[in-house]
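Take a look at the structure below.
Numbers restart at 1 for each chain; the letters A, B, ... are given by sequence-line order, proteins then strands.
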Protein chains: 2
Amino acid sequence: MQSFTEENYLKAIYTLSTAENQSVSTNAIAEKLTTKASSVTDMLKKLADKKLIHYEKYQGAELTRKGKKIAINIIRKHRLWEVFLVNHLNFKWDEVHDVAEELEHINSEKLIDSLDRFLNFPQFDPHGDPIPDKEGKVYHHKEISVKDLRVGESGIIVGVKEHHPDFLRYLENAELLLGTNIKVLKIFEWDNSIKIKCDKKQELTISEKVAGNLYIKKMLKK
Amino acid sequence: MQSFTEENYLKAIYTLSTAENQSVSTNAIAEKLTTKASSVTDMLKKLADKKLIHYEKYQGAELTRKGKKIAINIIRKHRLWEVFLVNHLNFKWDEVHDVAEELEHINSEKLIDSLDRFLNFPQFDPHGDPIPDKEGKVYHHKEISVKDLRVGESGIIVGVKEHHPDFLRYLENAELLLGTNIKVLKIFEWDNSIKIKCDKKQELTISEKVAGNLYIKKMLKK
DNA sequence: AAAACAATTTAGATAAGCCTAAAAATATAT
DNA sequence: ATATATTTTTAGGCTTATCTAAATTGTTTT
Ligand SMILES: [Mn+2]
Ligand SMILES: [Mn+2]
Ligand SMILES: [Mn+2]
Ligand SMILES: [Mn+2]
């Protein structure tokens, strides 16, 4: 059993390493957890003692199999709670993160398995992120964004890269929600903004930044 | 805002004082929280500094209005989560306490208000204990037990005094659940055990201890 | 009222998690 | 290859919540 703090470090290492799939630097962890590098060093020693990470001085940290399992389980809990909050307690997708950040540390296998069943074994959370299964298997989708589409091509929104509440509220306002069909009508070379058509209804122009943060599943042309 | 630990002290003081409605002793708190008296003294000083309790050396502790409000709110959260676990996640009433003990510390007003609405504003938890409302009002029932009935009188089970899982499982096995109608048929002077009839079905004999831990609402004779 | 006993507080430690400032190691630029 | 800059670790402290052992206060008994 490990403390909230240890769990947060493991989760941080996991999310930072999947991005690069190798050892994570002290500074990167410190930034992620808004703490100081010296605090991180202390904790890395402790996690290494517990065989939850591989750690060598100045070489950064990498999760062991055991550490990875714990990290994935916390993410599983985080995302299942987010589904609960949105689907049953009327939270908006920009409001769930902080509460889920607390709920993810509740320790009860029975609780989380029952919640999973209650929610009907969801595959994705409200942001389109995959929910690891009980055994810790995670389905990673391919991370194609609207930026990867050419004029005339279309796709369905399946997730968001950035989770900032402001971005989520922007999307909600523009009715760019998960499941929405998008067709690229025009790309403005000047600033790489993109004119799109949604679900055969509205046309709108989105910035390059927005386009890069909208994950889609590419549709076959017809 | 206060730590989990502080919240647990406040809750302990609250539950111990409603029993006697006056100041709570250091030792009583220590026993309740399975910690040492010296640790309690330290914490009482701290809670007094924060104006959450009234405390004078050697004189025990009493909640201030502010401390009481926090304590009641934690109990509200504990009981609402218990309702959720039993009614929606298929927990048995003897399985909910430990998980609720963790969930009660999650801090989000929106969360608990939404949960309350989702559960349809329940008045009682799975053990028959009253759920304080948003403003902190608690309905206390009169705490009449089966022991207070005379031969021929009857009542409906509305709660349990003791919450030990073994006791709860005994009740479940004997089908002595909330809402069950009980009529006292005979009292055996020898050991004060009581022969009762439940819901016009079975007859059974319960011990004095069981009778004293079963709260009932007395029914008018007919 | 003094002695004996019980309850409570104080003194002094410990462990977790964090911090700042300084030292050491590594990476980058000239 | 050396100097400079960056990253990381170490040293030394702080806070919270614990503990044991000793001292103090309060309560009972004789
Ligand atoms: Mn989240
Ligand atoms: Mn999410
Ligand atoms: Mn309970
Ligand atoms: Mn209960």
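Atom CG in B/Asp42 sits roughly 14 Å away from atom P in C/dG12 (whole-Å rounding). Put simply, CG on A/Asp49 is 14 Å from P on C/dA15, counting in whole angstrom units. When the P atom of C/dC19 is taken as reference, atom CG of A/Leu33 falls 10 Å away, rounded to whole Å. Taking atom NZ of residue B/Lys36 and atom C1' of nucleotide C/dA7, one finds them 15 Å apart after rounding to whole Å. Distance NZ (A/Lys50) to P (C/dA15): 14 Å, rounded to an integer number of Å. Rounded to whole angstrom, the span from the CG atom of B/Leu44 across to the P atom of D/dT18 amounts to 12 Å. Whole-Å rounding puts the B/Met43 CE to D/dC19 C1' distance at 14 Å. Here D/dT18 presents its P atom at 13 Å from CZ of B/Phe4, a figure rounded to the nearest Å.
Judged purely by atom type and a 3.5 angstrom limit, B/Arg79 has no side-chain atom pairing as donor or acceptor with the backbone of B/Asp125. The backbone N or O of B/Leu214 lies less than 3.5 Å from no partner atom in the side chain of B/Ser145, so there is not a single donor-acceptor pair.
A close approach under 4.0 Å does occur between a side-chain nitrogen or oxygen of A/Ser39 and OP1 or OP2 of C/dC19. Residue B/Tyr9 places at least one side-chain N or O closer than 4.0 Å to OP1 or OP2 of D/dT18. Look at A/Lys45 and you won't find any side-chain N or O under 4.0 angstrom from OP1 or OP2 of D/dT9.
Side-chain N/O atoms of B/Tyr58 and base N/O atoms of D/dT24 include a donor-acceptor pair closer than 3.5 Å. Judged by distance alone, with hydrogens and angles left aside, A/Ser25 brings no side-chain donor or acceptor close enough to the base of D/dT7 to form a pair under 3.5 Å. Residue A/Thr41 places no side-chain atom within donor-acceptor reach of the base of D/dT10, judged by atom type and a 3.5 Å distance cut-off alone.
The existence of a salt bridge linking B/Arg169 and B/Glu172 is excluded, since no basic side-chain nitrogen approaches an acidic carboxylate oxygen closer than 4.0 Å.
Of the two residues near DNA chain C, A/Lys57 and A/Thr35, the one whose nearest nucleotide lies more 5' is A/Thr35.
Nucleic acid contact for B/Ser38: base, since at least one base atom lies under 4.0 Å from a heavy atom of the residue.
With D/dA11, C/dT8, C/dT10 as the choices, the nucleotide that has an atom nearest any side-chain atom of B/Asn27 turns out to be C/dT8.
Checked against the 6.0 Å centroid threshold, B/Tyr9 and B/Tyr14 do not count as a close aromatic pair. A distance of 6.0 Å or more separates the ring centres of A/His88 and B/His88.
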